[in-house]
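Sequence positions, counted from 1, serve as the residue numbers for this chain.
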Amino acid sequence: MFSKIFLLALAASPLVAAHGKIPVVTGNAGGNGTAIAIKGAVVAGAGSNSKTELDTTVFGSTKIATDGLGQTTGTGKNKVAMVAATMASSGSTLPQVSDNGTLSGTFHIVTTDGAGPLKAMIDSTGTGAFSTGTAGTILTQVPGYNGNIKADGTVPKLRRFLERMNVIEKRAANVNKDFPFSVAIPAGTTCTGTVAGQSNVCLVKIANSNPAGPFGGVVAIQMAGSSTNATRRAVPVQFSG
């Protein structure tokens, strides 16, 4: 009887807001970047949720193959045009991935409900059309169970039981830990998007499936070796004397 009352009390708890984000990504053939809307050191690593969660992308569906780029508390709805800001902070070369290559990076777990496991989806159009995209294979996985992890970075066993009962424990606690991840981009992938002056761009959505979110980010990449993987620069006007 006590256990039933306990579970009902937990179920009545407020909805948890939890977060995990992608501050660093690199391609196996060079280049680097961040997920869209990442603010870097401007956002605190440790502290209250309201201060640490500002640039975490939240998606509208636990299904990875869902259109859209998500949104953050700090900047609102994510847009493709925001790729320009990621390039301004991390360099003019987007992550370059060779055929059948990999995209690697750091997944920062902000709070206890922002962990792994992760899934990945590649949109070859560079528009956020993930519903018609291609799944990437996670090679290096982030720890977690249904997006949950303990504050010390370990996966809780008791929580597995609670989640199977669709119970939310309490307000997510700060974790502030980094974990590596890597995604295999399928052989034969072609990118056709034009983003932030770059051509041949794909967007890669990387997220967990936590129903409180889900959380993760969207990263712009290019397939290495394309002759037009370059920023379009304005040609200066020449004036005669």
Is the shortest side-chain heavy-atom distance between V175 and T112 below 4.5 Å? yes
Connected via hydrophobic side-chain network under 4.5 Å: I149 and L118: yes
Determine yes or no for a side-chain-to-main-chain donor-acceptor pair under 3.5 angstrom, with Q141 supplying the side chain and L139 the backbone. no
Hey, are N28 and S98 close enough side-chain-wise for a donor-acceptor pair under 3.5 Å? yes
Quick one: do V97 and V25 end up in the same hydrophobic cluster if we chain Ile, Leu, Val, Met, Phe, Trp and Tyr together by side-chain heavy atoms under 4.5 Å apart? yes
In terms of the angle between their ring planes, are F107 and F181 parallel, tilted or perpendicular, with boundaries placed at 30° and 60°? perpendicular
Heavy-atom donor-acceptor pair, S90 side chain to T86 backbone, under 3.5 Å: yes
For I206, the option from V183, V142, V218 that meets side chain to side chain contact (heavy atoms under 4.5 Å, CB included): V183
Short question: side chain of Q71, backbone of V58 - any donor-acceptor pair under 3.5 Å? no
Taking all heavy atoms of A120 and all of I138, pick out the closest pair and write down the distance. CB-CD1, 4.0 Å
Flag side-chain contact, heavy atom, 4.5 Å: T56 against T111: no
Under 4.5 Å between any side-chain heavy atoms of P211 and N146, yes or no? yes
Using the side-chain contact (heavy atoms from CB on, under 4.5 Å) criterion, which residues pair with A187? Sequence neighbours excluded. D99, N100
For F179 against G153, the heavy-atom pair lying closest together: CZ-O, 4.1 Å
Of all heavy-atom pairs between G144 and A115, which one has the smallest distance, and what is that distance? CA-CB, 4.2 Å
Closest non-hydrogen atom pair between Q198 and S92, with its separation: NE2-O, 3.8 Å
Contacts satisfying side chain to side chain donor-acceptor pair (under 3.5 Å) that involve residues 114-136 (not counting sequence neighbours) are D67-S131, D123-T125, T125-T127
Can you get from F130 to V201 by hopping between Ile, Leu, Val, Met, Phe, Trp and Tyr side chains that sit under 4.5 Å apart? yes
For residues K205 and I64, determine if any side-chain heavy atom of one lies less than 4.5 Å from a side-chain heavy atom of the other. yes
When rounded to the nearest 0.5 angstrom, what distance separates CZ in F59 from CG in N208? 9.5 Å
Is there a side-chain contact between M223 and N200 in this structure, where contact means two heavy atoms from C-beta onward sitting under 4.5 Å apart? no
Please check if any side-chain donor atom of S182 sits under 3.5 Å from a side-chain acceptor atom of S104, or the reverse. no
Would you say the side chain of I36 lies within less than 4.5 Å of the side chain of V83, judging by non-hydrogen atoms? yes
Measuring from N32:CG to Q96:CD, what's the distance to the nearest 0.5 Å? 10.5 Å
P117 versus G147, closest heavy-atom pair with distance: CD-N, 4.3 Å
Could you walk me through whether L94 and I221 pass side chain to side chain contact (heavy atoms under 4.5 Å, CB included), step by step? CA-CA 6 Å; L94 291 173; I221 68 167; 5.9 Å; no
If I take atom CD1 from residue I38 and atom NZ from residue K21, how far apart are they, to the nearest 0.5 angstrom? 5.5 Å
Partners of T75 by side-chain contact (heavy atoms from CB on, under 4.5 Å), sequence neighbours excluded? A37, K39, T72, N78, M82
Identify the two heavy atoms, one from C202 and one from T189, that lie closest to each other, and give their separation to 0.1 Å. SG-CG2, 4.1 Å
Would you say that I109 contacts H19 through its side chain, given a criterion of any heavy-atom pair below 4.5 Å between the two side chains? no
Under 4.5 Å between any side-chain heavy atoms of V80 and L203, yes or no? yes
